[in-house]
There are 4 protein chains.
Amino acid sequence: MVCATQIYEKPVLNSPILIEGLPGIGFVANIAALHLIQGLKAKMFGEIRSSSFQDFAMSKGNGKARFPISELYYYKGRGEERDLIILYGNTQALTAPGQYELCGRVLKIAEELGCHQIITLGGLKHRKRVEIPGLYCAASDPDSLREALSLGAKVVHGHIFGVAGLLLGLGKLRGMRGFCLLAETPGLYPDATAAREVLRAVCKMLRLRVDLSRLDVAAEATRNILKSFGLETRPIEEKKAREESRSRWLI
Amino acid sequence: MVCATQIYEKPVLNSPILIEGLPGIGFVANIAALHLIQGLKAKMFGEIRSSSFQDFAMSKGNGKARFPISELYYYKGRGEERDLIILYGNTQALTAPGQYELCGRVLKIAEELGCHQIITLGGLKHRKRVEIPGLYCAASDPDSLREALSLGAKVVHGHIFGVAGLLLGLGKLRGMRGFCLLAETPGLYPDATAAREVLRAVCKMLRLRVDLSRLDVAAEATRNILKSFGLETRPIEEKKAREESRSRWLI
Amino acid sequence: MVCATQIYEKPVLNSPILIEGLPGIGFVANIAALHLIQGLKAKMFGEIRSSSFQDFAMSKGNGKARFPISELYYYKGRGEERDLIILYGNTQALTAPGQYELCGRVLKIAEELGCHQIITLGGLKHRKRVEIPGLYCAASDPDSLREALSLGAKVVHGHIFGVAGLLLGLGKLRGMRGFCLLAETPGLYPDATAAREVLRAVCKMLRLRVDLSRLDVAAEATRNILKSFGLETRPIEEKKAREESRSRWLI
Amino acid sequence: MVCATQIYEKPVLNSPILIEGLPGIGFVANIAALHLIQGLKAKMFGEIRSSSFQDFAMSKGNGKARFPISELYYYKGRGEERDLIILYGNTQALTAPGQYELCGRVLKIAEELGCHQIITLGGLKHRKRVEIPGLYCAASDPDSLREALSLGAKVVHGHIFGVAGLLLGLGKLRGMRGFCLLAETPGLYPDATAAREVLRAVCKMLRLRVDLSRLDVAAEATRNILKSFGLETRPIEEKKAREESRSRWLI
């Protein structure tokens with residue numbers, strides 16, 4: 001499990017907040033991060049490739065090959081806006097050790113840029129479609145929990161799978177506090193509505209000025225990226241992942 | 001497979017005994033260790049996180065995120081009580097190499113603290129519920145076997161899966177003697193009755209003064225931890241684990 | 001995941017092109033590479049064995065044991081022919097991290113020999129058998145895409161699995177440009193017809209003088225190698241591989 | 001995948017031959033090696049434990065815990081007998097990379113003791129039980145092939161799975177020549193008859209004076225070891241292993 005990291009620029013940031021936006025349930029985090037990057041014109045400053053990513057390339061209609069990758073963006077806040085580091089990408093690692101390695105790399109880079117706080121995003125599987133998806137949260141410390149609750153989120157009961165959960169736990173080891181923010185989603189397609197609720201809360205907290213009226217554009221872009229990967233957008237693997245996470249507990 | 005170890009304190013101990021109490025069949029070891037920690041007011045002095053643990057966080061009703069972890073406690077015996085190192089946690093590693101790595105770390109730390117003896121605990125699957133669960137043992141050396149038998153345990157026939165078996169084998173390589181002590185259990189729930197039998201024998205042998213009347217409290221706490229991990233308490237994986245252990249034997 | 005590399009000779013080459021020819025769909029790349037090696041009398045200069053290859057030996061009718069291996073050949077072009085490095089072998093790695101490691105080794109060696117350009121070959125699964133298989137391409141940069149399109153290839157939509165895709169992506173990180181060239185194939189047997197179309201285009205581009213009239217010989221040899229590995233030639237695993245590549249995306 | 005090696009003695013040997021006897025089809029190699037060790041009073045000089053072995057302990061009726069292990073024995077030939085290194089154990093590694101690592105360790109030790117030649121043993125699955133099982137061979141070089149054929153073996157067609165095949169291939173990289181010798185076996189139980197045919201040939205070639213009349217004793221001992229591991233002796237995994245070995249070939 002080796003990660004190849006490429007840092008193109010070392011931005012000078014003021015206590016930036018790390019925002020996680022990798023693909024997951026309903027692609028809520030992925031859409032939100034893409035919209036932030038586009039809306040804030042955040043700049044890519046680093047790339048991570050892991051040997052625990054998929055071993056393939058993808059080709060779209062334009063013949064340009066794409067590869068599994070994680071990208072790091074930064075944004076220097078204007079006025080009272082907070083500085084940001086945004087983790088974006090088209091995959092998570094294929095194995096649990098790969099996820100630990102990936103998160104370790106991301107946190108190391110974030111730490112070097114002065115980051116002390118993490119917000120991870122995601123979807124919370126919900127059977128019924130709702131008008132306004134509810135927000136749920138969990139935090140690695142009391143202060144962060146208070147912050148998340150003050151954004152109108154309720155406490156989540158259950159797992160936070162993948163990078164969204166792991167970044168909080170491994171960040172805590174480095175003295176970074178944080179919370180995850182999940183929006184209800186049927187999880188059957190890239191869910192712009194759930195992403196909007198998550199972003200609305202994050203932007204309010206970090207005083208970010210981002211237009212949230214056209215999140216459908218980022219959702220459509222996410223859907224196209226998925227298509228170019230040959231992926232349907234149904235979370236068929238979720239159940240399997242949960243099953244796997246139980247194995248070896250009761251040996 | 002990387003382990004991150006954090007040692008908060010290096011206690012000075014007198015030939016301490018390592019007691020293993022990770023989750024397993026009937027959560028017998030897990031309950032027993034938790035009860036020991038609480039009853040003796042043992043102090044946590046180290047934590048281990050492994051990249052072969054699960055890649056998720058768990059959230060309970062209070063919104064505090066929890067993460068897969070192994071914890072090390074110590075107890076300085078009073079009077080004729082033996083000093084202890086207690087291995088506690090909410091998971092075992094997901095893969096066999098991860099288990100080897102985890103056990104290697106634990107043993108290295110224990111060795112540095114002067115440990116020469118290991119007692120691993122566990123449940124032995126038993127179809128019927130019994131009034132007083134019988135004790136079973138296996139040992140890595142004749143002296144330890146005698147000690148275990150003198151506690152009223154019979155010899156176990158079969159596998160001792162996971163950390164309970166592995167610690168004995170890898171400990172032997174470091175010149176540590178030891179035995180495992182298993183109590184009969186239906187294994188369908190955190191089994192306070194089985195944990196009591198195991199603890200009764202261990203406390204007698206190590207002259208520990210621990211009140212065993214309220215083991216149901218530790219069992220209930222264990223059940224709640226499991227729930228917060230989204231885990232049912234049925235050992236559905238046991239059969240699968242046994243199947244896996246056979247693969248590649250007859251290639 | 002360890003690779004053992006043996007370099008028997010360090011050839012002096014003039015900006016050689018790396019041509020990938022490992023087993024894959026329809027064994028198109030494998031046949032094409034073998035034919036190139038035989039037709040050009042390319043010389044083997046290195047071998048790679050990976051611990052992520054299979055752990056077995058194969059025996060054919062002559063009792064000579066064969067082992068999973070990757071081989072590197074070179075060819076010094078005559079006249080206006082381009083110099084070549086040809087990657088040939090009888091397997092790809094069994095795991096994604098193994099594939100990353102294998103490609104990393106190959107690229108490192110190619111880089112040291114002055115390689116800046118990669119052409120990976122393969123088959124594109126096609127339900128019906130066609131008279132003249134169509135060519136498809138994807139590229140990691142615009143120049144390479146233009147080159148590939150000028151050879152009569154259309155743009156591929158979808159995945160390029162395995163080493164054929166991975167070499168492009170990891171090569172790009174080393175500043176190597178490149179494209180993959182896939183020929184339509186039913187994929188049910190070593191497909192000499194598809195290999196001919198791929199080779200015709202590659203030879204034209206690189207001005208290689210290779211007789212393409214007897215590609216059935218290389219196809220037959222490939223079929224025999226497969227047989228000696230006890231392998232049928234049906235791509236039964238393709239669907240499984242695609243399934244696996246999706247897992248953990250939607251956790 | 002880490003191996004822990006313990007060498008208790010460095011014997012001075014005269015061009016010893018490495019004989020492999022790990023568990024496999026029909027436990028032919030395992031029985032043969034145990035019989036050699038007992039018949040020749042070979043001495044254990046080293047042990048190898050791998051993190052790719054199973055993570056459990058086994059307990060038999062006597063309460064003595066046993067662990068997955070590989071053992072190395074040596075035998076100094078008397079008169080015209082050849083010196084031997086015998087690889088014995090109760091498991092092979094669980095994963096292909098683990099097998100590579102294990103074989104690498106064994107070969108390194110053998111090489112340091114002056115070994116240039118390898119004989120691996122095994123069973124060849126055969127539907128019908130036969131009076132006198134036929135011998136089959138494959139070799140990594142022409143001289144070894146001639147030797148094996150001169151023992152009355154026919155050429156094997158197909159795979160030699162696991163350590164028996166891998167030792168030949170990785171040994172070749174170290175300039176060690178060798179062959180494998182397989183006896184026909186139904187493979188449904190520890191097969192003393194097949195082990196006898198293999199041993200008869202090996203003893204003849206190496207001029208070893210070993211009584212082969214009571215191989216049933218070693219077979220019975222092997223059966224008991226298997227039982228103590230909770231293992232049935234049916235090769236249910238063989239088919240699965242073969243399936244696995246194909247995966248990723250045709251991606």
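Below, all heavy atoms of this structure are taken into account, side chains as well, without hydrogens, waters or symmetry copies. So that the names make sense, note that chain A is the first sequence line, chain B the second, and so on, each numbered from 1. Computed from a prediction, not measured in an experiment: that's the story for all the values here.
- Nearest heavy-atom pair across B:L166 and D:F56 is CD1-N, 4.4 Å.
- How far OG1 of B:T95 is from CG of D:L94: 10.0 Å, rounded to the nearest 0.5 Å.
- Residue contact with chain B, scored on non-hydrogen atoms closer than 4.5 Å, involves the backbone of D:N62 exclusively.
- When heavy atoms are compared at a cutoff of 4.5 Å, B:L173 approaches chain D by way of both its backbone and its side chain.
- Residues D:A65 and B:A138 share a closest heavy-atom pair of CB-CB, 4.3 Å.
- Between chain D and the options B:C180, B:G169, B:G165, heavy-atom pairs under 4.5 Å are most frequent for B:G169.
- The salt bridge (charged side-chain N to carboxylate O under 4.0 Å, His left out) test applied to B:R105 returns B:E101, not counting sequence neighbours.
- Side chain of B:Y100 to main chain of D:Q54: a donor-acceptor pair is present (N/O by atom type, distance under 3.5 Å, no hydrogens or angles).
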**Message:** With side chain to side chain contact (heavy atoms under 4.5 Å, CB included) as the criterion, how do D:F67 and B:L170 come out once you've worked through the C-alpha distance, each side chain's angles and the decisive distance to 0.1 Å?
**Reply:** CA-CA 9 Å; D:F67 311 97; B:L170 297 177; over 6 Å; no
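- The part of D:Q6 that comes within reach of chain B is its side chain, from C-beta onward, which places non-hydrogen atoms under 4.5 angstrom from that chain.
- Applying the salt bridge (charged side-chain N to carboxylate O under 4.0 Å, His left out) criterion to B:R49, with sequence neighbours excluded, gives no partner residue.
- No more than 12 heavy atoms of other residues, nucleotides or ligands lie within 6.0 Å of CD1 in B:I132, so this atom counts as exposed by the packing criterion.
- Within the 3.5 Å criterion, the main-chain N or O of B:V156 finds a donor-acceptor partner in the side chain of D:S59.
- The local environment of CZ in B:R174 is crowded, with over 12 non-hydrogen atoms from other residues, nucleotides or ligands closer than 6.0 Å.
- Neither the backbone nor the side chain of B:K154 comes within contact range of chain D, judged by heavy atoms closer than 4.5 Å.
- Separating the CG atom in B:L102 from the OG atom in D:S51 is a distance of 12.5 Å, to the nearest 0.5 Å.
- For B:L145, the part lying near chain D is the side chain, with the backbone staying farther off; criterion is any non-hydrogen pair under 4.5 Å.
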